[in-house]
Every structure is written in structure tokens, then in C-alpha cells.
Amino acid sequence: MQPQAILETAIYAADLGAAEAFYGGLLGLPVIVKVPGRHVFFRVGAGVLLVFNPDATGHPSGNPALPVPVHGARGPGHVCFAASREEIANWRARFGAAGLAVEAEFDWPNGARSLYLRDPAGNSVEFAEPRLWES
């Protein structure tokens with residue numbers, strides 16, 4: 001037995017408003033849950049991107065009905081969104097129009113394309129062709 005999919009992934013940002021503007025505004029991801037000062041969660045296809053304030057998640061939630069363990073990370077994290085080569089070109093254009101610099105863009109040895117940039121918190125955000133991980 002082994003897990004078959006990742007249901008959610010988390011990154012951390014102290015400025016949740018800037019994170020919401022980037023992921024919700026620029027990327028167009030719908031917000032599904034938001035607790036001011038603590039977190040904002042976005043729908044990504046069948047999965048969820050969790051963006052937590054690392055200071056807030058270092059403390060218990062205080063809700064005994066939801067005893068989520070304390071967690072968090074410091075420093076830049078990484079998230080990768082699946083995109084076709086054409087979509088990657090469109091994202092590059094959108095980021096350029098928004099005045100955002102692409103940090104790197106290249107083809108992997110198997111021919112899959114990746115594009116990287118940074119979100120407002122410094123997290124590495126990648127757009128890659130799904131065949132990147134094909135055997």
C-alpha cells in the first residue's frame with residue numbers, strides 16, 4: 001500500500017495579503033478557506049495549496065474540535081504547477097506584463113519545460129510540463 005496522490009501542499013508567507021494577491025489574483029486560484037493572519041487556502045484542480053503564516057501556525061489553533069498539530073517552516077519553500085509548454089509561454093507573458101521576473105526557464109534532459117519565479121514571500125514557484133516526472 002502507498003499513497004496515490006498529494007491532496008494538499010503547504011508553503012509559508014508572513015504577508016498573507018500579498019500571497020492572496022499573487023495566488024488568487026495573478027494566478028487566478030480560487031480561495032476556499034481564509035483565516036486572517038493565520039492562513040489562506042486555494043483550490044488547485046483536485047488539490048489544495050495551503051499558505052500559512054509561519055508565526056501563527058507555530059501556536060496551537062485553540063480549537064479542541066480540530067486539534068491540528070503545530071507546524072511550520074522558515075525560509076523559501078517550493079511549489080510546482082502542471083502546465084503545458086504553451087501554457088508556460090502564456091504564464092511567462094503574464095508575469096512579464098505584471099512586472100515579475102522569471103528566475104529560470106529551461107528544458108530538462110527528458111525535454112520537459114520548466115519556468116521558475118518567486119512569490120512575494122520568496123517561495124520558488126515552478127510551472128512544468130507533467131511529463132517531467134514520467135519514467
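For the numbers below, each heavy atom of this structure counts, side chains included, while hydrogens, waters and symmetry mates do not.
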A.B. asks: Grouping I, L, V, M, F, W and Y whenever their side-chain heavy atoms are under 4.5 Å apart, do Trp108 and Trp91 come out in a common cluster?
C.D. replies: no
A.B. asks: If we only count heavy atoms from C-beta on, is the Thr9 to Val79 side-chain gap below 4.5 Å?
C.D. replies: yes
A.B. asks: Going by heavy atoms in the side chains, are Tyr23 and Ile11 under 4.5 Å from each other?
C.D. replies: yes
A.B. asks: List the residues meeting salt bridge (Lys or Arg N to Asp or Glu O under 4.0 Å) with Arg43, not counting sequence neighbours, and say none if there are none.
C.D. replies: none
A.B. asks: Looking at Gln4 and Gln2, what are the two nearest heavy atoms and their distance?
C.D. replies: NE2-O, 3.0 Å
A.B. asks: Can you confirm whether Arg38 sits close enough to Asn53 that some side-chain heavy atom of one is under 4.5 Å from a side-chain heavy atom of the other?
C.D. replies: no
A.B. asks: Hey, what do you get for CG (Leu115) to SG (Cys80), rounding to the nearest 0.5 Å?
C.D. replies: 10.0 Å
A.B. asks: Using a 3.5 Å distance criterion without hydrogens, assess whether the side chain of Asn123 forms a donor-acceptor pair with backbone atoms of His78.
C.D. replies: no
A.B. asks: Over 60° means perpendicular and under 30° means parallel, so classify the ring planes of Phe52 and His39, tilted if in between.
C.D. replies: perpendicular
A.B. asks: Could you pull out the closest heavy-atom pair between Val51 and Ala19, with the gap in Å?
C.D. replies: CG1-CB, 3.8 Å
A.B. asks: Minimum heavy-atom separation for Ala56 and Gly37, please, with both atom names.
C.D. replies: CB-O, 3.4 Å
A.B. asks: With side-chain contact (heavy atoms from CB on, under 4.5 Å) as the test, pick out the partner of Glu8 among Val44, Leu49, Val48.
C.D. replies: Val48
A.B. asks: Under 3.5 Å, is there a donor-acceptor pair between the side chain of Arg94 and the main chain of Leu26?
C.D. replies: yes
A.B. asks: Are Arg85 and Glu129 within salt-bridge range, i.e. N to O under 4.0 Å?
C.D. replies: yes
A.B. asks: Strictly under 6.0 Å, is that where the ring centroids of Phe127 and Phe95 end up?
C.D. replies: yes
A.B. asks: With sequence neighbours excluded, what pairs up with Glu87 under the salt bridge (Lys or Arg N to Asp or Glu O under 4.0 Å) test?
C.D. replies: none
A.B. asks: Taking C-beta and beyond as the side chain, do Leu100 and Phe22 meet within less than 4.5 Å on heavy atoms?
C.D. replies: yes
A.B. asks: Are Leu29 and Phe81 side-chain neighbours, meaning at least one heavy-atom pair lies under 4.5 Å?
C.D. replies: yes
A.B. asks: Membership question, hydrophobic clusters at under 4.5 Å side-chain separation (ILVMFWY): are Phe41 and Leu16 in the same one?
C.D. replies: no
A.B. asks: Hey, could you give me the CZ/OG distance between Arg118 and Ser124, rounded to the nearest 0.5 Å?
C.D. replies: 4.5 Å
A.B. asks: Closest heavy-atom contact between Pro67 and Pro64?
C.D. replies: CD-O, 3.7 Å
A.B. asks: State the CD-CZ distance between Glu20 and Phe42, to the nearest 0.5 angstrom.
C.D. replies: 5.5 Å
A.B. asks: Can you find a pair of side-chain heavy atoms, one from Leu132 and one from Ser114, that are under 4.5 Å apart?
C.D. replies: yes
A.B. asks: Going from CD1 on Ile32 to CG on Leu50, what distance comes out if it is rounded to the nearest 0.5 angstrom?
C.D. replies: 8.0 Å
A.B. asks: Okay, side chain of Asp55, backbone of Ala14: is any donor-acceptor separation there less than 3.5 Å?
C.D. replies: no
A.B. asks: Looking only at atom types and distance, does a side-chain atom of Glu103 sit under 3.5 Å from a main-chain N or O of Ala101, one as donor and one as acceptor?
C.D. replies: no
A.B. asks: Evaluate the side chain to side chain donor-acceptor pair (under 3.5 Å) criterion for residues Glu126 and Tyr116: first the C-alpha distance (whole Å), next the side-chain angles of each, then the deciding distance (0.1 Å), finally the verdict.
C.D. replies: CA-CA 4 Å; Glu126 179 184 6; Tyr116 292 81; 3.2 Å; yes
A.B. asks: Check the angle between the aromatic planes of Tyr12 and His71 and answer parallel, tilted or perpendicular using the 30° and 60° thresholds.
C.D. replies: perpendicular
